Amino acid sequence: MKQISGINDFVVKFANVNGSGSASANHLFAKAIFRMGIPVSPRNIFPSNIQGLPTWYEVRVSSKGYLGRRGGVDLMVSVNPQSMEKDIADIEPGGYFVYDSTKPLESHLRHDDITYFGIPMTEICMREFKNPRLQQLLKNVVYVGALAALLKIDFTILKDLLNDQFKGKEKLISSNAHALDLGYQFALETFNCPLAIRLQKGGNDAPHILESKHILMNGNTAAALGAIYGGATVAAWYPITPSTSVVDAFAQYAERLRIDAGTGKKNFAIVQAEDELAAIGMVVGASWNGARAFTATSGPGLSLMSEFLGLAYFAEVPVVLIDVQRSGPSTGMPTRSQQSDILAAAYASHGDTKQVLLFPATPRECFDMTVQAFDLAERLQTPVIIMSDLDLGMNDWMSPPLEWDDDYQMDRGKVLDAEALDKTEKWGRYLDVDGDGICYRTLPGAHPDKGAFFTRGSSKNEMAVYSESGDDYVQNVDRLLRKFETAKSHVPTPKTHPPIAVKAPKTTLKLGALFFGTSASPAYEAVEMLAEEGYPIDTIRIRAFPFHESLDQFIHDHDLVFVIEQNRDGQMRRLVINECEIPPGKLIPVLNYSGTPITARKIARKIRETLSTKSADVVPLHPETA
Amino acid sequence: MSYIKPKFRHPSLPKNALGVTIADYDGAISTLCAGCGHDSISAAIRSACFLSSIPPHRIAKLSGIGCSSKMPTYFLGKSHGFNSVHGRMPSVATGASLANRELTYIGISGDGDTASIGMGQFIHLIRRNVNMTYIVANNGCYGLTKGQDSATADLGSISKNGGTNPFDGIDLASLALLQGASFVARSFSGDKEQLEPLIRAAMAHNGFAFIDVVSPCVTFNNQAGSTKSYAHTREHLDAMPLDYVPLRDEIRTQYEPGTIQSVTLHDGSVIHLHKAGADYRTDDRNAAIAAARAAHDEGRILTGLLFLDPNSQDLNQNLKLASKPLNALGKDELCPGSKVLSSINEGLR
Ligand SMILES: Cc1ncc(C[n+]2csc(CCOP(=O)(O)OP(=O)(O)O)c2C)c(N)n1
Ligand code: SF4
C-alpha cells in the first residue's frame with residue numbers, strides 16, 4: 001500500500017461528540033500549525049445540538065496557501081463510535097486513522113488501504129487524572145499530543161498556546177500540558193514518527209502569507225469590529241446561529257472600547273429584541289434618528305425582516321444588516337453553510353425593491369465591508385446587506401491583518417443640519433436636487449422651523465406630503481432606480497484575474513469563472529488545477545450588487561462562464577441573468593448545496609465534465625446567436 | 001389628500017412659555033371621517049403640547065398603520081413624524097429613543113395595530129420602559145380596512161353588520177398594568193378635560209406612559225349595541241377627573257376638600273386627582289388591576305390615571321447609556337483608531 005505523503009499539504013479531520021470539549025483541543029491543533037507559519041484553514045462542521053450528536057472539525061494544511069476546502073480526508077482522528085464507520089470510509093486510499101484504542105477496533109472497520117494508529121486515550125486519562133471531567137476533556141488533548149509527534153508539530157508552540165489560553169489558571173495549564181506529553185510520548189514510543197505527511201517550518205510555496213503577518217480570525221468577529229470602527233452605536237438583534245457571534249463580539253469589544261472614560265457610561269446600546277421584526281424596526285428607528293445602527297441575522301430572520309426592508313427602501317432610511325447565511329428553515333441543517341439568501345436579499349420585500357448587497361470573501365473583507373456598509377447606507381439612504389455565511393462567519397480564517405486609516409471620515413451622506421437648513425431656500429425631502437437620485441434628509445429635532453417632514457412608505461410627493469397620485473408614485477420609484485444606478489459607482493468593484501498561462505491549451509473556448517464570498521478560495525484553487533490540465537480560465541469575483549459594468553463586459557468577453565455558488569437554484573446566476581443584458585446559455589452553474597462548504601475538487605470535476613462534453617462540439621455563443 | 005393650513009395668525013391668540021401660539025402646533029387638515037374620535041385625540045395632543053410649552057421640533061411622532069396611525073399628520077406639523085408599518089411602531093420608537101434620548105416621543109396606534117398584529121412589540125415596549133407616550137385610539141374595530149372586529153371589541157358587542165362578538169376583548173390597560181407599565185391611564189376621546197392633562201402628565205413621565213383612549217369610529221362602530229359607540233361610552237363612563245400642574249404651580253381648579261390626591265412626577269410637576277367619594281390611589285398596581293377588572297365586570301368604563309410610578313427608570317438609564325445622545329457622538333468618541341487595531345491584530349496571531 002502506498003501511503004499518502006506530503007509536506008505541509010494534507011487534510012486532517014476530527015470526529016468528535018458535541019459538547020465533549022473537543023473544540024478547544026482541535027483549535028489548539030490548528031492554531032499551532034498557524035503559529036508555525038504554515039497556511040492552515042480549520043472548519044467546524046457542527047450539529048444543531050448542545051451535547052451528544054456527532055461533530056467534525058476539518059483542518060486543511062496547504063503549502064500553497066489554499067484556504068478553501070480541498071475535498072477528501074488524509075488523516076482522520078476519531079473519538080466518536082457513532083460515526084466511525086462512515087468516518088473511516090471517508091479516508092482517501094493510503095490515508096491514516098487515529099482512534100481511541102481503549103476498546104479494540106471491530107474487524108470490519110479495518111481496511112487494507114489505511115494505516116491505523118490506536119491510542120488508548122480513555123485508559124491513559126483514567127489512569128493519570130482523578131477528576132472525571134478532566135478524564136473526559138483531556139482525551140482530546142492526548143490526541144493532539146500524539147499528532148504533534150506523528151505530524152511534527154513544534155511542541156514549544158503548543159505549550160505556549162496552552163499558557164495563552166489558560167492564563168492565570170496554573171492548574172489547568174499543568175494538567176493540559178501533562179495530557180499533551182502523554183499523547184506525545186505514547187506516539188513516539190509506539191509508532192514510526194513522523195508520518196509521510198508532516199509539517200515543516202518554512203516548507204511553504206506561499207511565502208507572501210507569512211510576510212504579511214497574517215492573523216487567524218473568523219468573519220463574525222471581523223464584522224463586529226467593523227461595526228465598532230464604523231461608528232455603530234445601536235445594535236438590535238435576535239439570536240440565531242450562525243449570526244449570534246456577530247453581536248456577541250460587538251458587545252465584547254464595545255464593553256472594552258466604547259465606555260465613556262469620565263462616567264463609565266456606554267456610548268452604545270445593544271438590545272436583544274423579541275424577534276427579528278423588532279430588531280430591524282429598532283435599527284430603522286435609530287437610523288431615522290441619525291444614529292449608526294445595525295442588526296445581524298440569518299435566513300429565517302431575513303424573511304421576517306423583509307417588510308421593514310421594504311419600508312426602509314421606500315422611506316429611504318439607512319439600515320445595515322449582516323446576513324450570515326445558512327441552509328434553509330427550521331433547525332438541524334441550518335447550522336450548515338450555504339449561499340442561499342441571494343435572491344431573497346436582492347429583491348427583499350414587497351413592491352419594486354432592489355437592495356444593495358456586499359459579498360465579503362475573507363475576514364478582512366468582513367471588517368472593511370462592514371465599515372463601508374455604514375457609509376454606503378447613509379450615502380445612499382437605503383438598506384445595505386452584508387452577505388456573509390456560516391463558513392466565513394464562524395470559522396477561523398487566515399487573513400491579512402486588519403488595517404485602519406486614522407484619517408478616515410465617516411460619510412454621513414446628505415444630511416442638512418440647522419445651519420445648512422437656514423441657508424437652503426427650497427427644501428423638499430424627496431427633491432432630487434443633484435440628479436443622482438439621492439435627496440437631502442433632515443434629522444428630528446434639528447431646526448425649530450425648517451426641515452420637519454413625515455416619513456412614510458410610498459404615498460408621497462417630492463415635498464413628502466401625502467399623495468396617492470400615480471404620477472408622484474412613478475416619479476418617486478423612477479428616482480429610486482436612478483439612485484440604484486448611482487450606487488454602482490459607490491459599491492466595491494469586482495476583482496478579476498487573467499488566466500494562468502497554459503502551455504498546451506486543450507480548448508479554443510474563452511473560459512471564465514464567476515463566484516463570490518466563500519466560493520472564491522476553492523474556486524481559485526480549482527482554476528489552478530484546471531490550468532495545469534490545459535484549461536485556462538479567467539476569473540471574476542463579484543463583491544457587490546448592483547453589479548458593476550465590468551461584469552457585463554466579462555460575460556460578453558467569454559464563450560462560457562462557470563458560475564460557482566452554494567445553493568440549489570443557482571441564485572447568483574439568476575440574478576446576473578435578470579440584471580445584465582447577456583445570453584443566459586453562456587452561464588454554466590457549478591453548484592454545491594449539501595451544507596458543507598464547496599470543495600476545489602468538486603468545482604474542478606464539474607468544470608472538467610462540462611468541458612469534456614462541450615469542448616468538441618460547442619460553437620462559441622455570441623449574443624446574436626444565443 | 002391633506003394640505004397645509006393657511007398660515008394666518010390671529011394677533012390676540014394666547015402664547016405659551018415659549019412665546020408661540022397654539023397655531024404653531026397645528027398639523028395638516030384631517031382626512032378622517034367627520035366626527036371620528038381620533039380627531040379629538042389629535043386636538044388634545046396639540047393643546048397638551050402647547051400648554052406644556054414643548055418646542056414642536058423637539059417632539060417626534062411615530063405611528064403604525066390604520067386610521068389612528070394617520071393622526072400624526074394632523075397635529076404638530078413642525079415635528080418629524082414616522083408612519084411606519086402595521087403593528088411595529090414600538091420597535092421603531094425604541095430605536096429612535098436609543099438614538100436620541102433628548103426628544104419627546106409620542107406614539108400613536110390603533111387597537112388593531114396594538115392588540116393584534118402589534119401585541120408582541122407592545123408588550124416588549126412596556127417591558128423595556130421606553131421613554132415615550134403611547135396612545136391607543138381604541139374603537140374596537142379596524143377602521144381603515146372597513147370595520148372588522150378588533151381584538152379589543154367587547155364580548156357581546158354588536159358590529160355594524162349585525163354580528164355579535166363571541167370573544168372577550170383584550171383590555172390593553174389591564175395588560176399594561178400586569179406587565180409592569182410605569183404609567184397607565186384610560187380616557188375617552190370625548191373627554192378633553194381629562195385627556196389633555198393626562199397627555200401632559202404622560203409626556204412629563206420618565207418612562208413608558210400608556211393611555212388607552214376609547215375613540216369611537218363613527219363610520220363602522222357607532223351603532224346601537226356597540227360597546228365602543230359614543231352613546232354607550234358616555235352612558236357607562238366612570239371618569240376620575242384630574243388636573244396637571246407643571247412645576248408646582250398653584251392648583252387651578254377648586255375641588256371639595258378631602259377629595260384631592262396629589263402625585264409629584266420626577267420633573268417636579270404635579271397631578272391632582274379628583275374623585276368625589278372614593279379614595280383611589282395611583283401607586284397601588286394591584287388595586288389598579290382590581291379596579292379595572294371590577295369596572296369591566298360592572299359594565300363601567302373606568303377612566304383616569306390608573307397607575308403611576310414616579311421613580312421609574314427608563315430604557316436609556318437601565319442600559320447605562322452616556323448622557324450625550326448616541327446620534328451626536330462623533331468619530332473621536334466612536335472609533336478606537338489604528339493603534340488599538342494593531343494590538344487586536346497582535347492578539348489574533
Ligand atoms: C402587514 C399588514 N397587514 C394588514 C394591513 C392592513 N391594515 C391596515 S390598517 C389595519 C387595521 C387598523 O386597525 P386599527 O389599528 O384598529 O386602526 P383604526 O383604523 O381602527 O384606527 C389593517 C389590518 C397592513 N397595512 N399591513
Ligand atoms: S373609518 Fe372610523 S376610524 Fe376610520 S376615520 Fe372613519 S370614523 Fe375614524
Side-chain angles (χ1 to χ4, degrees), chain A residues 35 213 215-217 225 228-229 231 233-234 236 257-258 260 263 265-269 271 273-275 277-279 281-291 293 307-308 311 401-406 408-410 442-449 452-457 465-468, chain B residues 1-4 28 31 55-58 60 62 72-73 77-85 88-100 102-103 120-121 123-124 128 316 319-331 333-338 340-342 344-345 348-349:
Chain A
R35 283 246 179 122
K213 297 195 81 185
I215 54 174
L216 191 64
M217 90 183 299
L225 269 172
I228 296 274
Y229 275 77
T233 51
V234 177
L257 303 170
R258 282 286 191 75
D260 185 66
T263 60
K265 296 262 176 80
K266 296 177 178 176
N267 279 333
F268 66 96
V271 185
E274 54 272 31
D275 55 28
L277 289 85
M282 290 175 200
V283 171
V284 167
S287 300
W288 172 75
N289 217 357
E307 185 184 19
F308 259 121
L311 176 79
L402 306 181
E403 277 174 25
W404 188 252
D405 174 4
D406 286 318
Y408 163 81
Q409 294 298 333
M410 293 180 191
T442 59
L443 300 179
H447 191 287
D449 299 305
F453 74 102
F454 212 81
T455 303
R456 46 167 75 82
V465 173
Y466 187 82
S467 162
E468 294 181 20
Chain B
M1 205 198 112
S2 45
Y3 52 95
I4 309 296
T31 59
H57 75 290
R58 303 300 289 173
L62 300 111
T73 316
K78 289 183 168 187
S79 308
H80 270 67
F82 198 159
N83 200 177
S84 66
V85 296
R88 319 291 177 202
M89 172 266 281
S91 58
V92 180
T94 304
S97 144
L98 288 173
N100 185 355
E102 291 181 346
L103 302 184
Q121 295 214 345
I123 209 87
H124 286 274
R128 296 193 179 96
N316 287 291
L319 291 181
K320 302 194 168 42
L321 297 197
S323 50
K324 190 166 174 186
L326 293 179
N327 74 350
L329 298 171
K331 187 192 133 191
E333 288 138 313
L334 298 176
C335 187
S338 60
V340 171
L341 196 61
S342 315
I344 291 173
N345 280 325
L348 296 165
R349 289 200 177 106

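Here the structure is a predicted model, which is why all the values come from computation and not from measurement. Order of the sequence lines fixes the chain letters, A, B, ..., with proteins taken first and strands second; residue numbering starts at 1 for each chain.
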Worksheet entry | Region of B/Ser84 that comes under 4.5 Å of a non-hydrogen atom in chain A | both
Worksheet entry | Side-chain donor/acceptor of A/Lys213 to backbone N/O of B/Arg349, under 3.5 Å | no
Practice prompt. Test A/Asn289 against B/Leu103 for side chain to side chain contact (heavy atoms under 4.5 Å, CB included), laying out the working first.
Written response: CA-CA 10 Å; A/Asn289 217 357; B/Leu103 302 184; 4.1 Å; yes
Fill in: Heavy-atom pair count under 4.5 Å with chain B, highest-scoring of A/Pro401, A/Ser287, A/Ala236, A/Ala279
A/Pro401
Worksheet item: How are the rings of B/Phe82 and A/Trp288 set relative to one another: parallel (under 30°), tilted (30 to 60°) or perpendicular (over 60°)?
Response: tilted
Worksheet item: Is chain A contacted by the side chain of B/Ile344, its backbone, both, or neither, given a heavy-atom distance below 4.5 Å?
Response: side chain
Worksheet item: A/Thr442 versus chain B, heavy atoms under 4.5 Å apart: side chain, backbone, both or neither?
Response: both
Worksheet item: So do A/Val271 and B/Arg128 actually touch side chain to side chain, heavy atoms under 4.5 Å?
Response: yes
Worksheet item: Can you say whether A/Phe308 sits under 4.5 Å from chain B via the side chain, the backbone, both, or neither, judging by heavy atoms?
Response: side chain
Practice prompt. Using a 4.5 Å cut-off on heavy atoms from C-beta on, say whether the side chain of A/Arg258 contacts that of B/Leu334.
Written response: yes
Discussion item. Using heavy-atom distances under 4.5 Å, tell me whether A/Ala293 contacts chain B through its side chain, its backbone, both, or neither.
Written reply: neither
Worksheet item: Which answer fits B/Pro336, side chain, backbone, both or neither, if we ask what part of it has an atom under 4.5 Å from a heavy atom of chain A?
Response: both
Item to complete: Under 4.5 Å heavy-atom distance to chain B, tell me which part of A/Ala269 shows up: side chain, backbone, both or neither.
Response: both
Worksheet item: Checking B/Pro325 against chain A: side chain, backbone, both or neither under 4.5 Å from a heavy atom?
Response: neither
Worksheet, complete the sentence: Closest heavy-atom pair, B/Ala322 versus A/Asn267, reported as atoms and distance to 0.1 Å, is CB-OD1, 3.3 Å
Practice prompt. Find the one option among B/Leu341, B/Ile123, B/Val340, B/Leu62 whose heavy-atom pairs under 4.5 Å with chain A are most numerous.
Written response: B/Leu341
Practice prompt. Would you mind telling me which of A/Met217, A/Glu307, A/Lys265, A/Met282 has the largest number of heavy-atom pairs within less than 4.5 Å of chain B?
Written response: A/Met282
Discussion item. I'd like to know which of A/Val284, A/Val234, A/Leu277 tops the heavy-atom pair count under 4.5 Å against chain B.
Written reply: A/Leu277
Fill in: Per-residue contact mode, A/Leu311 against chain B (heavy atom under 4.5 angstrom)
side chain
Practice prompt. Return the option, out of A/Gly285, A/Gly231, A/Ala273, with the maximum number of heavy-atom pairs under 4.5 Å with chain B.
Written response: A/Gly285
